[in-house]
Amino acid sequence: MLVSVIAPCLNEAEHIEFFVKEVFRQRLPSSVGLELLVVDGGSKDGTLAKLDALSIAYPPLRVLPNPEKITSFALNR
């Protein structure tokens, strides 16, 4: 089984590192995988650079674009 955490974001450079680390601190049964999908609406504050760096330490972290910049679009990606 795989648990997917979907997080729409926009300009969250100040908080994104804490958020990602807390998601991956979750303790799940060994039969359950965890992935984090951060759907970015075009951040301009360094959020994407931080996510790129974090994805090296956390391979199940994926960053997806949300050019529509609407939460419902992000969740449906």
When rounded to the nearest 0.5 angstrom, what is the spacing between [atom1] in [X] and [atom2] in [Y]?
{"X": "E17", "Y": "T47", "atom1": "CD", "atom2": "OG1", "result": "11.5 Å"}
{"X": "D40", "Y": "N66", "atom1": "CG", "atom2": "CG", "result": "8.0 Å"}
{"X": "C9", "Y": "I16", "atom1": "SG", "atom2": "CD1", "result": "4.5 Å"}
{"X": "F24", "Y": "L54", "atom1": "CZ", "atom2": "CG", "result": "9.0 Å"}
{"X": "L48", "Y": "D45", "atom1": "CG", "atom2": "CG", "result": "8.5 Å"}
{"X": "K21", "Y": "L36", "atom1": "NZ", "atom2": "CG", "result": "14.0 Å"}

Please examine the side chains of S30 and V32, heavy atoms only from C-beta on, and report whether any two atoms are closer than 4.5 Å. no
Just wondering, do L37 and V5 contact through their side chains at under 4.5 Å, heavy atoms? no
Which heavy-atom pair separates [X] from [Y] by the least distance, and what is that distance?
{"X": "E12", "Y": "S43", "value": "N-OG, 4.4 Å"}
{"X": "I6", "Y": "P8", "value": "O-CD, 3.7 Å"}
{"X": "L64", "Y": "R62", "value": "CD2-NH2, 3.8 Å"}
{"X": "L28", "Y": "G33", "value": "CD1-O, 4.3 Å"}

Tell me whether the count of non-hydrogen atoms from other residues, nucleotides or ligands lying under 6.0 Å of CD in E68 goes above 12. yes
For E35, I'd like to know if atom CD has over 12 heavy atoms of other residues, nucleotides or ligands within 6.0 Å. yes
Might you work through the side-chain contact (heavy atoms from CB on, under 4.5 Å) test for L2 and L34, ending with a clear yes or no? CA-CA 6 Å; L2 179 66; L34 177 67; 5.7 Å; no
Check whether [X] and [Y] end up in the same hydrophobic cluster, where Ile, Leu, Val, Met, Phe, Trp and Tyr are linked by side-chain heavy atoms less than 4.5 Å apart.
{"X": "V63", "Y": "V20", "result": "yes"}
{"X": "V23", "Y": "L61", "result": "yes"}
{"X": "V39", "Y": "F19", "result": "no"}

